Amino acid sequence: MVLAPAVRKFALTTHVTTSVGWLGAVVAFLALAVDGLTSQDGQTVRAAYLSMEALGRYVLVPLAAASLFSGLVQSLGSSWGLFRHYWVLTKLLMTVFATVVLLAYLRTLSYLADVATSGNGEGVLPSPSPVLHSGAALVVLLVAAVLSVYKPRGVTAYGQRKQRQASAQSQQRHA
Amino acid sequence: MADRPARSEQDNHPVPLPVTGAPRWVKVFGLAALALLLLMVLAQLVGGGKHGPGRHLGLPAADGTAAVVAAAAGHADEDGR
């Protein structure tokens with residue numbers, strides 16, 4: 001179902017702002033992760049891991065969910081569709097994967113924040129894990145952004161079938 | 001360059017495109033994703049396959065930072081913060 005132009009623009013605006021916001025939040029998270037990993041000051045390290053948990057839970061997760069949902073609305077409400085073009089399908093898979101990993105990683109973030117608060121678990125902090133995960137997330141989101149702008153060619157088998165059906169219906173109407 | 005379905009000017013309906021396979025960039029992406037997935041599975045197997053927060057954590061700090069963090073946490077608790 002193709003949405004009305006005004007609704008489509010709203011969905012597109014929502015999708016762009018939440019997706020770019022997600023990317024920016026990951027950059028901020030990466031900065032905290034690097035600081036937590038490299039700082040020699042215990043208070044700074046502790047603050048970094050506490051901040052990462054808050055950033056992950058209250059910023060990254062809502063933005064990821066909003067980006068995914070608005071992307072679904074945007075694609076289903078336009079002629080692009082969700083499964084017709086490879087660039088859309090690839091973005092969908094990458095976004096779902098990144099969101100699932102983020103949700104699973106919240107447990108790690110909570111654990112690291114607990115260690116930072118309690119001071120127990122010697123040897124746990126500092127940890128390279130947040131740096132690795134946020135670095136990988138940054139790559140995934142950048143690739144998604146590139147796909148969004150460049151929209152590389154490629155229609156899926158499903159998309160080609162839909163195009164043939166639409167063409168056949170058009171020919172029948174004019175026959 | 002996007003490949004929106006071509007539309008005839010007279011009736012604004014899509015012109016059927018020839019059936020083609022996946023473009024090269026999709027195949028490259030797919031291979032890269034598969035390689036990463038295999039890497040993750042290997043990492044799981046090598047790491048004992050344990051789930052939970054501990055499986056991702058790296059080696060203990062060698063520079064005494066962990067002790068400083070513990071001391072800072074203890075100091076903060078004493079101050080009631």
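Note that this is a predicted model, so its numbers are computed, not measured. Throughout, protein chains are lettered first and strands after them, A, B, ... in sequence-line order, and every chain is numbered starting at 1.
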Subject >> Proximal component of A/L147, with respect to chain B [non-hydrogen, under 4.5 Å] >> reply: side chain

Original post:
So if you build clusters from Ile, Leu, Val, Met, Phe, Trp, Tyr with side-chain heavy-atom gaps below 4.5 Å, do A/L63 and A/V20 land together?
Top reply: no

Original post:
Taking only residues two or more places apart in sequence or in another chain, which ones pass side chain to side chain contact (heavy atoms under 4.5 Å, CB included) with A/L72?
Top reply: A/L82, A/L92

Subject >> Within one Ile-Leu-Val-Met-Phe-Trp-Tyr cluster: A/L30 and A/V59, side-chain cutoff 4.5 Å >> reply: yes

Original post:
If you group Ile, Leu, Val, Met, Phe, Trp and Tyr by side-chain heavy-atom gaps below 4.5 Å, do A/L23 and A/F97 land in one group?
Top reply: no

Original post:
Checking heavy atoms, do the side chain of A/Y49, its backbone, both or neither come under 4.5 Å from chain B?
Top reply: neither

**OP:** Please list, in residue-number order, every residue in residues 25-40 of chain B that has a heavy atom less than 4.5 Å from any heavy atom of chain A; write 'none' if there are none.
**Re:** B/W25, B/V26, B/F29, B/M40

Subject >> Residue pair A/G154 / B/P23: nearest heavy atoms and the distance that separates them >> reply: CA-CG, 3.8 Å

Original post:
Got a sec, which residues hit side chain to side chain contact (heavy atoms under 4.5 Å, CB included) with A/V27, two or more places apart in sequence or on another chain?
Top reply: A/L138

Original post:
What about A/Y58 and A/M52, same hydrophobic cluster or not, with Ile/Leu/Val/Met/Phe/Trp/Tyr joined at side-chain heavy-atom distances under 4.5 Å?
Top reply: no

Original post:
Excluding sequence neighbours, so at least two apart, what forms side chain to side chain contact (heavy atoms under 4.5 Å, CB included) with A/Q74?
Top reply: A/A11, A/L12

